[in-house]
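In what follows, a single structure is set out as structure tokens and then discussed.
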Amino acid sequence: RAMPNTPALIAQGMTGLFATSAALESDRLIAQTICNAVGKTIWVDQEHLMNAVTALSGSGPAYVFAFLEALENAANELGIDNATGRTLAIQTVLGAANLAALSNDSPATLREKVTSKGGTTFAALEVLRQENWSKIISKAVAAANARSDLSDEKQLFLFLQSWWSRTYNRPLKDPLLLSYTIEELLYEFYDRIERIKAEEERFDQESDKIEEDKERAVLDWAEQEEK
């Protein structure tokens, strides 16, 4: 199993990997080599830990984006324009992350080094402490882990519940309706495929007709020139 994240789009991804005992060392090497092409990889030795990887690094970019969004909003409230606020926020997070990656100090030590008691950083961190910032992050990651830990059947049921509510504007209460829901989903899926195929055929036919018209026009022009 592999759990990458979206920074893989710019070769800065983090991918968690797990392989059963049936996998050969050569298999593991191939998987790691592929994933290393878009960032870094880390192996876990128990499959259930992939849920934690999903909650931390798989969903993690969204947490960072939410933090950046909050910093931008705070900058706006202080009178800084959107573009400047975004630059300040992104470079601050990027610089801090790179410093943490290159430093031998723990994040806690790095935080302490830039926090003078009674200073501006101290005042800000005190608000975060009072709002139980660390506990909020822990609860968020735990919620993601719990959702990832759901069985495939449970996740399908939750998806179908959501789909049913959006489609019929009422909650799905009777589990027996699931069979009809699945059948309807499959019908809709195959119907969409058929519509796409028909559209592709129509496009091909129109393209062929355009090419034929071009060839006919060229031949007509050539005949006119000969006359």
(request) Treating Ile, Leu, Val, Met, Phe, Trp and Tyr as nodes and any side-chain heavy-atom pair under 4.5 angstrom as an edge, say whether M3 and L49 lie in one connected cluster. (result) yes
(message) Could you measure the distance from the CD atom of E69 to the CZ atom of R86? Nearest 0.5 Å is fine.
(response) 9.5 Å
(request) Could you tell me the separation between the CD atom of Q46 and the CG atom of N51, rounded to the nearest 0.5 Å? (result) 11.5 Å
(request) Flag yes if more than 12 heavy atoms outside E131 fall under 6.0 Å of its CD atom; otherwise flag no. (result) no
(request) Working to the nearest 0.5 Å, report the span between CG of D204 and CG of D208. (result) 6.5 Å
(request) Would you check if D213 and I210 make a side-chain contact, meaning some heavy-atom pair closer than 4.5 Å? (result) no
(message) For the CD1 atom on I42, are there more than 12 heavy atoms of other groups (residues, nucleotides or ligands in this structure) within a distance under 6.0 Å?
(response) no
(message) To check you understand the geometry: which heavy-atom pair defines the closest contact between L110 and S103, and what is its length?
(response) CD2-OG, 3.7 Å
(request) Decide, yes or no, whether a salt bridge links R195 with E199 under the criterion of side-chain N to carboxylate O below 4.0 Å. (result) no
(request) Please report the C-alpha distance between L71 and T92 in whole Å, then the side-chain angles of each, then the deciding distance to 0.1 Å, and finally whether the side-chain contact (heavy atoms from CB on, under 4.5 Å) criterion is met. (result) CA-CA 10 Å; L71 285 179; T92 298; 5.5 Å; no
(request) Would you name the heavy atoms of A89 and E72 that are closest together and state the gap between them? (result) CB-CG, 4.3 Å
(request) Flag yes if V44 and I30 sit in one hydrophobic cluster, no otherwise; membership is Ile, Leu, Val, Met, Phe, Trp, Tyr, and two members link when side-chain heavy atoms are under 4.5 Å apart. (result) no
(request) In sequence, state the C-alpha distance, the side-chain angles, and the governing distance for E126 and R129, and then conclude on salt bridge (charged side-chain N to carboxylate O under 4.0 Å, His left out). (result) CA-CA 5 Å; E126 184 62 15; R129 185 190 67 79; 2.5 Å; yes
(request) Determine the minimum heavy-atom distance between S59 and A55, stating which atoms define it. (result) CB-O, 3.8 Å
(message) Has T87 got a side-chain atom pairing as donor or acceptor with A83's backbone, closer than 3.5 angstrom?
(response) yes
(message) Quick check on side chain to side chain donor-acceptor pair (under 3.5 Å): which of N36, T33, T15 does T41 satisfy it with?
(response) N36
(message) Using 0.5 Å steps for rounding, measure from the NE2 atom of H48 to the CZ atom of F18.
(response) 9.5 Å
(request) Report yes if some heavy atom in the side chain of P7 is under 4.5 Å from a heavy atom in the side chain of P61; otherwise report no. (result) yes
(request) Enter the distance from T20:OG1 to R28:CZ here, rounded to the nearest 0.5 Å. (result) 9.5 Å
(request) Hey, could you give me the OG1/CZ distance between T121 and R111, rounded to the nearest 0.5 Å? (result) 11.0 Å
(message) Determine whether a donor-acceptor pair (N or O, by modelled atom type, separation under 3.5 Å) exists between the side chain of N5 and the backbone of S57.
(response) yes
(request) Look at the side-chain heavy atoms of Ile, Leu, Val, Met, Phe, Trp and Tyr, link any pair under 4.5 Å apart, and say whether I90 and F67 land in one connected group. (result) yes
(request) Please say which of L68, I137, V141 ends up in a side chain to side chain contact (heavy atoms under 4.5 Å, CB included) with Y63. (result) V141
(request) Spell out, as yes or no, whether a donor-acceptor pair under 3.5 Å connects the side chain of N76 to the backbone of I80. (result) yes
(message) Give me the atom names and distance for the closest heavy-atom approach of A52 to N145.
(response) N-OD1, 3.2 Å
(message) Which heavy atom of Q32 sits nearest to which heavy atom of L17, and what is that distance?
(response) CA-CD1, 4.0 Å
(message) Quick check: is F65 connected to W133 through a chain of hydrophobic side chains (ILVMFWY, heavy atoms under 4.5 Å apart)?
(response) yes
(request) Return yes if some donor-acceptor pair links the side-chain N/O of T115 with the main-chain N/O of F122 below 3.5 Å, else return no. (result) no
